[in-house]
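First, the structure itself, so that you have it in front of you.
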2 protein chains.
Amino acid sequence: MDKEQLSYIEESGIIFEQMGMTRMAGRIFGFLAVSDKSEASFDEIRQALDASKGSISGTTKQLINAGLVQPVSLPGDRKTYYRLNKVAVGQLLRARIQLFNIFADLLSKGRELKKSEDDVSEWLKEVSAFYTWLGGEINAVIEKWENVKDDIM
Amino acid sequence: MDKEQLSYIEESGIIFEQMGMTRMAGRIFGFLAVSDKSEASFDEIRQALDASKGSISGTTKQLINAGLVQPVSLPGDRKTYYRLNKVAVGQLLRARIQLFNIFADLLSKGRELKKSEDDVSEWLKEVSAFYTWLGGEINAVIEKWENVKDDIM
DNA sequence: CATTTAGTTCAATTTTTATTGAACTAAATG
DNA sequence: CATTTAGTTCAATAAAAATTGAACTAAATG
């Protein structure tokens with residue numbers, strides 16, 4: 001880990017915090033991203049990030065749960081290794097979009113609870129419908145990506 | 001405000017917290033969503049939510065800054081009123097998508113900092129390219145919505 | 001079966017973030 | 001121009017979240 005990589009790891013921590021995860025989750029993600037070896041053991045991570053076992057244990061679970069990290073075990077080795085989960089872009093996006101649907105439901109419920117209809121009702125209705133529609137539209141977007149990505153990358 | 005509306009306001013607080021804003025921001029949003037009058041004064045909000053002036057002041061600013069709330073002033077009335085900003089769905093979405101681009105940049109930078117290329121590099125490259133592409137694709141998605149929304153709603 | 005290793009759990013602590021409340025500013029009113 | 005009203009600011013406090021660390025479990029090794 002050189003200086004730039006260490007500062008990258010911290011930056012990743014900040015961004016993950018902005019995305020609603022913990023700073024430590026971002027650090028582990030960042031470490032696994034830039035690390036030379038694509039797999040790292042529990043203790044390699046702990047040492048690289050100078051954190052406690054409890055913190056690494058809890059946070060790797062968080063990341064595994066979020067689908068971003070994959071635990072790997074090898075025969076004849078009692079350690080567990082951790083690596084970035086090379087999940088398909090579609091799956092990643094769908095997970096993120098979930099919050100949109102929660103927001104859509106919130107708006108729609110708000111509209112129902114209003115005592116009278118007004119221009120706010122109309123707006124709640126459209127935004128809610130939009131985000132709900134968007135959830136279904138994602139498949140088409142991902143399909144389009146699959147078709148164009150070879151030209152772009 | 002009946003019981004259901006008050007519990008809706010709290011629910012909105014929780015969801016806004018999940019979306020990275022404060023609980024109070026969600027409460028104010030929720031209040032403005034279900035309130036009978038589509039505009040509310042500073043003190044009406046403060047009383048309805050039983051919060052301090054400081055908190056209302058800071059949080060209304062947060063919401064105005066995020067583009068979700070609009071301050072309204074009336075001639076001959078020194079109060080400011082607050083209402084949900086009926087911003088277009090596209091604008092709302094674009095604001096949310098910004099985090100995707102930040103994430104894309106993080107991945108791309110991570111790839112650059114790696115000492116060697118491996119399968120993680122490949123993944124970082126694709127995911128980053130995808131989120132970057134997605135940012136540009138949004139306009140097409142919004143345009144499609146404008147065309148289909150009358151059939152759906 | 002005693003020992004080492006890998007990781008978990010959770011109460012205590014630290015750190016961060018949200019909220020209050022009191023003193024303040026600025027504008028309007030009498 | 002003194003007073004009221006509307007809202008702001010910010011230091012102090014409260015509340016919530018992250019992190020530690022020590023005691024623990026479970027599995028593998030000798």
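Here is the naming used below: chain letters follow the sequence lines, and residue numbers restart at 1 for every chain. Since we're looking at a predicted model, the values are computed, not measured.
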Once Watson-Crick and G-U wobble pairs under 3.5 Å are found, how is DNA chain C written in dot-bracket notation, 5' to 3', with | for any base paired to another strand?
||||||||||||||||||||||||||||||
Report the distance from atom NZ of B:K61 to atom P of D:dA6, rounded to the nearest whole Å.
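These atoms are roughly 16 Å apart.
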Interface residues of residues 73-87 of chain B with DNA chain D (non-hydrogen, below 4.0 angstrom):
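Here the set is B:R78, B:K79, B:T80.
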Rounded distance (Å) that lies between atom P of C:dA18 and atom CG of B:L63
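In whole Å, C:dA18 P lies 13 Å from B:L63 CG.
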Provide, to the nearest angstrom, the distance between the CD atom belonging to B:E44 and the P atom belonging to D:dA6.
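The distance from CD of B:E44 to P of D:dA6 comes to 11 Å, rounded to the nearest Å.
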Could you state the atom-to-atom distance from CZ of A:F42 to P of C:dT9 in whole Å?
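The answer, rounded to whole Å, is 11 Å.
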Just wondering, more than 12 heavy atoms not from A:D77 lying within 6.0 Å of its CG?
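Counting neighbours around CG of A:D77, more than 12 heavy atoms of other residues, nucleotides or ligands fall under 6.0 Å, so yes.
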Atom-to-atom span, CD of B:Q62 to P of C:dT17 - whole angstrom
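Rounding to the nearest Å, CD of B:Q62 and P of C:dT17 are 13 Å apart.
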What residues, two or more places apart in sequence or in another chain, satisfy ring pair (Phe, Tyr, Trp, His ring centres under 6.0 Å) together with A:W145?
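Expected list: B:F130, B:W133.
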For the CG atom of A:L107 and the NZ atom of A:K125, what is their distance to the nearest 0.5 Å?
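Output value for this atom pair is 14.0 Å.
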Would you list the atom pairs, donor with acceptor, under 3.5 Å between side chains in residues 18-27 of chain B and any protein atom, with sequence neighbours excluded?
unit_1	atom_1	unit_2	atom_2	d
B:T22	OG1	B:A25	N	3.1
B:T22	OG1	B:Q62	NE2	3.3
B:R23	NE	B:E17	OE1	3.4
B:R23	NE	B:E17	OE2	3.0
B:R23	NH2	B:E17	OE1	3.0
B:R23	NH2	B:E17	OE2	3.4
B:R27	NE	B:E10	OE1	3.1
B:R27	NE	B:E10	OE2	2.8
B:R27	NH2	B:E10	OE1	3.4

How many angstroms lie between CD in B:E137 and NZ in B:K144, if you round to the nearest 0.5 Å?
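Answer rounded to 0.5 Å: 10.0 Å.
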Between A:D43 and A:K79, is there a side-chain N and carboxylate O pair less than 4.0 Å apart?
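A salt bridge is absent here (no side-chain N lies under 4.0 Å from a carboxylate O).
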Measure from CZ on A:R46 to C1' on C:dA6 and round the result to the nearest Å.
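One finds 12 Å between C1' of C:dA6 and CZ of A:R46, rounded.
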Rounded to whole Å, please give me the gap between CG in B:N65 and P in D:dT8.
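Distance check: B:N65 CG to D:dT8 P gives 13 Å.
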Closer than 4.0 angstrom, basic N to acidic O: yes or no for B:D119 and A:R83?
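A salt bridge links B:D119 with A:R83.
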So which residues get pulled into B:Y81's cluster when ILVMFWY side chains under 4.5 Å apart are joined, directly or through others?
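Other cluster members: B:V72, B:L74.
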Determine whether a donor-acceptor pair (N or O, by modelled atom type, separation under 3.5 Å) exists between the side chain of A:T60 and the backbone of A:I56.
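Yes; judged by distance alone, with no hydrogens or angles, the pair exists.
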Tell me whether B:Q5 contacts the main-chain N or O of B:S35 through its side chain, where contact means a donor paired with an acceptor under 3.5 Å.
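Not a single qualifying donor-acceptor pair exists.
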Thinking salt bridges, do B:E117 and B:K114 make one under a 4.0 Å N-O criterion?
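Judged by the 4.0 Å cut-off on N to carboxylate O distance, B:E117 and B:K114 do not form a salt bridge.
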Reading nucleotides 15-22 of chain D from the 5' end, what letters show protein touch, with B for base, S for backbone sugar-phosphate only, - for no heavy atom under 4.0 Å?
---SSBB-
